[in-house]
Amino acid sequence: MASNPPPAPLQGFQRARNEEQRAQRRLLILETAAAMLAEMPVAEVSLNELSRRVGLAKSNVLRYFESREAVLLELLHTASQEWLEHLDDALGRVVDSDADLVGRSRAVAATLATTLAARPVLCDLLSAQAAVLERNVSARVAAEYKRAAIGDVETLAGLVDGRLPELGAADALRFAAGAVMMAGTIWAHAHPSAAMLAAYEAEPALAAMRLDFPDPLHQLLETLLAGLLAKWD
């Protein structure tokens, strides 16, 4: 998402007259928000700045998305799909189907952690999902997003199940859901606020519980897999 140049803003607003024009406006808003996420964390992406960069009044942006959070939830789903497409290839390269169960489970955990670490925008969006992004949307948008998110978790579970069939479909789904929640939680703790960073600098002992990324994620994913696979020992 960060590799594309920022989209050109609209010059002089004219109401979209047909579905194709509305789709183009929606795409421009999404591309502009994605470009902003390449520059700043989710918390700093405002509807006012998004509107300015798109070249529309805020009220006109709200014709296409009901809130800032609705834009970001759609970007979260897109980023998740892009990650899953890459993850399928990465798992195919890294996980040796002839390796023993321990070797394959460690490779799966490591691959998930490293591929997520390479996608900071996705991790930042995951860290804000439940506490922020799902809070300022209608029931309709919430349901649309949650259906998409469930589909993404099911896809992840299928990728894991394909490399660790010993898990079984139910435990692969439990692992996939846990992996996504862990990634968002650890990312938030690994990227504290400016005030917290200043507190750590002034009093280093306060940073004793600060997490890094992706090592803690890797370790927790291995632990979760080990627990789920313990029945096979």
Side-chain angles (χ1 to χ4, degrees), residues 1-4 27 30-31 33-35 37-38 42 72-130 133 144-188 190 212-232:
M1 293 168 64
S3 59
N4 295 327
L27 180 60
L30 290 169
E31 289 178 341
L37 287 171
V42 169
L72 296 176
L73 282 177
E74 189 155 335
L75 289 177
L76 172 52
H77 175 50
T78 299
S80 296
Q81 290 185 310
E82 292 172 352
W83 170 58
L84 290 168
E85 290 174 5
H86 174 78
L87 180 63
D88 191 13
D89 292 336
L91 288 171
R93 293 192 305 271
V94 173
V95 181
D96 182 356
S97 59
D98 295 326
D100 62 18
L101 180 56
V102 172
R104 283 182 284 119
S105 65
R106 288 176 175 171
V108 166
T111 304
L112 263 65
T114 55
T115 56
L116 281 166
R119 286 168 165 70
V121 170
L122 170 59
C123 293
D124 196 22
L125 288 166
L126 286 173
S127 75
Q129 175 188 333
L133 303 186
E144 288 175 355
Y145 169 71
K146 194 56 69 174
R147 283 191 291 267
I150 291 171
D152 292 338
V153 170
E154 289 173 343
T155 298
L156 176 56
L159 296 179
V160 172
D161 189 36
R163 277 74 185 186
L164 297 172
E166 296 90 343
L167 266 179
D171 279 342
L173 190 60
R174 292 186 184 98
F175 172 75
V180 171
M181 287 187 284
M182 285 179 185
T185 300
I186 295 172
W187 183 266
D212 198 1
F213 198 95
D215 288 344
L217 177 61
H218 181 188
Q219 294 164 9
L220 286 174
L221 291 177
E222 277 198 10
T223 301
L224 178 56
L225 276 177
L228 291 170
L229 289 165
K231 68 187 72 172
W232 295 99

Nearest heavy-atom contact between Ala183 and Leu116 is CB-CD1, 3.8 Å
Could you grab the distance from atom CG of Leu224 to atom CE of Met182, nearest 0.5 Å is fine? 4.5 Å
For the side chain of Asp124 and the backbone of Val42, is there at least one donor-acceptor N/O pair under 3.5 Å apart? yes
To check you understand the geometry: which heavy-atom pair defines the closest contact between Leu225 and Ser105, and what is its length? CD1-O, 3.4 Å
Can you tell me how far the CG atom of Asp88 sits from the CG atom of Leu159, to the nearest 0.5 Å? 5.0 Å
Where do Ala176 and Ala157 come nearest, in terms of heavy atoms and distance? CB-N, 3.7 Å
At what distance, to the nearest 0.5 angstrom, does CG of Leu221 lie from OG1 of Thr111? 10.5 Å
Distance in Å, Leu229 CG paired with Leu167 CG, rounded so as to fall on 0.5 Å steps: 4.5 Å
For Glu85, the side-chain hydrogen bond (donor to acceptor under 3.5 Å, both in side chains) test, sequence neighbours excluded, returns none
Let's go through Leu37 and Leu125 carefully: what are the C-alpha distance in whole Å and the side-chain angles of both, what is the deciding distance for side chain to side chain contact (heavy atoms under 4.5 Å, CB included) to 0.1 Å, and is it a yes or a no? CA-CA 9 Å; Leu37 287 171; Leu125 288 166; 4.2 Å; yes
List the atom of Asp161, the atom of Ala172, and the distance in Å for their closest heavy-atom pair. CB-CB, 3.9 Å
Roughly how far, to the nearest 0.5 Å, is the CG atom of Leu133 from the CG atom of Leu72? 5.5 Å
If the threshold is 4.0 Å, N to carboxylate O, is there a salt bridge linking Arg119 and Glu82? no
Search all heavy atoms of Ala177 against all heavy atoms of Val153 and return the closest pair with its distance. N-CG1, 3.8 Å
With the side chain counted from C-beta on, respond yes when Ile150 and Tyr145 share a heavy-atom pair under 4.5 Å apart, and no when they do not. no
Inter-residue atom distance Leu156.CG - Leu112.CG, 0.5 Å rounding: 5.5 Å
Mind listing the closest non-hydrogen atom pair of Ala107 and Val94 along with its distance? CB-CG1, 4.1 Å
Show your reasoning for whether side chain to side chain contact (heavy atoms under 4.5 Å, CB included) applies to Leu126 and Trp187. CA-CA 8 Å; Leu126 286 173; Trp187 183 266; over 6 Å; no
Between the side chains of Asp98 and Arg104, is the shortest nitrogen-to-carboxylate-oxygen separation below 4.0 Å, so that they form an ion pair? no
